[in-house]
Trainee: 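The structure under discussion is supplied below as structure tokens; questions concerning it will follow.
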2 protein chains.
Amino acid sequence: MDESREGLVDLVRSAGLRVTAARVAVLHVLSRHPHADTDTVIRHVRGELGSVSPQAVYNVLAAFVEAGLVRRIEPAGSVALFELRVADNHHHVVCRRCGSVQDVDCAVGARPCLTPSEAHGYVLDEAEVTYWGICPSCQSRRTTRPGALQEHR
Amino acid sequence: MDESREGLVDLVRSAGLRVTAARVAVLHVLSRHPHADTDTVIRHVRGELGSVSPQAVYNVLAAFVEAGLVRRIEPAGSVALFELRVADNHHHVVCRRCGSVQDVDCAVGARPCLTPSEAHGYVLDEAEVTYWGICPSCQSRRTTRPGALQEHR
DNA sequence: TCTGTTACTAGAGTCAATCTAGTTAGTTGA
DNA sequence: TCAACTAACTAGATTGACTCTAGTAACAGA
């Protein structure tokens, strides 16, 4: 997957950000682990680079979100999750048991894809849809892991 | 509003829970402060009862959510908010600046009100819609309060 | 290569939420 | 009405994601 490294470098630069090893590594991790939480990103970045401070990863993720390269989602009961898909306006389906997350294409595409009957004067720019349910693997294994609302690692 | 106290007591009892002063007070606070966070509930319950431990309020709220009396929502970047409206399947509009929350009626009513094109095998029971935008008062006062994503107190 | 600025490291700090052990108080049945 | 059983509350420590700050390292334009 090393030819995509070039693309990742360009992606960072095109956002007006300095190209650093940590930033490229974070993008690389997110490309292989969609909906990863910060801890998952840190561990995989360390696998690529050796030692990286948690704060560096927090900084990188915040800079990417700010620059629009990365989208941050935060399903109820979960820590922040990060994903590279930002161009489209897709939604998410979340498992109530294990917290696994999958993308769901938005039927409309453009934001906001839905309009409420009564917006109370709010100027809306996004309709975020989270589908809640039970994932296939939690349906088969009947055991509940309480408080395990986290991304599959 | 003391005649509704009776109703609140019945509500607690009908959920199979013991009736305590803390529980009735929490329901009373939530009836007057929809989308209140835990800290807001604690302060108002103390205003009614005198001293109540934070843990008691956490316990009460958790018991109510478990019993289906109270709904817990958690918009991204916000602490947990609680509301009494649980019978209908309504949604929320959240201000990106000040974090204020308003209810939005669901056009469909029954859960889940939306069905994704591809559910990835998940058995869905709820489609949670969060509309993001700028509330009327934040539109007029142009100042941004960074990190102020909290319920109006 | 030099230099200014941005990014990273390390370590302390914040805060919502949780856990545990001991005490208090609703509720049920005598 | 009064025990006795058990659920609920108090107090205090603890967790864990996330933030802040000061000092150091390294990217990028001149």
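Chain naming here is simple, since letters A, B, ... match the order of the sequence lines and numbering starts at 1 in each.
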Trainee: Donor-acceptor pair, A/Glu128 side chain versus B/Pro75 backbone, under 3.5 Å?
Mentor: no

Trainee: Is there a donor-acceptor pair closer than 3.5 Å between any side-chain N or O of A/Arg23 and the backbone N or O of A/Val60?
Mentor: no

Trainee: How many Å lie between OH on A/Tyr58 and P on C/dT14, as a whole number?
Mentor: 17 Å

Trainee: Check whether any side-chain N or O of B/His28 sits under 3.5 Å from a backbone N or O of B/Val24 as a donor-acceptor pair, and report yes or no.
Mentor: no

Trainee: Tell me whether the side-chain N/O atoms of B/Arg13 come closer than 4.0 Å to OP1 or OP2 in C/dG26.
Mentor: no

Trainee: Can you measure A/Leu49 atom CG to C/dC8 atom P for me and round it to whole angstrom units?
Mentor: 10 Å

Trainee: Check DNA chain D against residues 17-27 of chain A and give the residues with a non-hydrogen atom under 4.0 Å, in numerical order.
Mentor: A/Arg18, A/Val19

Trainee: State the CG-CD1 distance between A/Leu124 and B/Ile134, to the nearest 0.5 angstrom.
Mentor: 9.5 Å

Trainee: Would you indicate which nucleotide in C/dT9, D/dA17, D/dT10 comes nearest to any side-chain atom of B/Asn59?
Mentor: D/dT10

Trainee: Can you check the A/Asp37 CG to D/dC18 C1' distance for me, whole Å?
Mentor: 13 Å

Trainee: Whether the side chain of A/Gln55 and the base of D/dC20 hold a donor-acceptor pair under 3.5 Å is what I'd like checked.
Mentor: yes

Trainee: Output the single nucleotide from C/dT9, D/dC18, C/dA17 whose closest atom is nearest the side chain of B/Val79.
Mentor: C/dA17

Trainee: When we call it a touch if two heavy atoms are under 4.0 Å apart, what does B/Ala80 touch: a base, just sugar-phosphate, or nothing?
Mentor: sugar-phosphate

Trainee: Quick one: list whatever passes salt bridge (Lys or Arg N to Asp or Glu O under 4.0 Å) with B/Arg85, sequence neighbours left out.
Mentor: B/Asp88, B/Asp103, B/Asp105

Trainee: Rounded to the nearest Å, what distance is computed from the CD atom of residue A/Glu74 to the P atom of nucleotide D/dG16?
Mentor: 18 Å

Trainee: For B/Ile42 and D/dC9, what is the distance between atoms CD1 and C1' respectively, to the nearest whole Å?
Mentor: 13 Å

Trainee: Output the rounded distance in Å from CG (B/Asp39) to C1' (C/dA16).
Mentor: 10 Å

Trainee: Taking atom CD as the centre, does B/Glu118 end up with more than 12 heavy-atom neighbours from other residues, nucleotides or ligands that are less than 6.0 angstrom away?
Mentor: yes

Trainee: Are A/Glu83 and A/Arg72 close enough, and set up right, to give a side chain to side chain contact (heavy atoms under 4.5 Å, CB included), and what steps lead you there?
Mentor: CA-CA 7 Å; A/Glu83 63 181 354; A/Arg72 175 192 173 122; over 6 Å; no

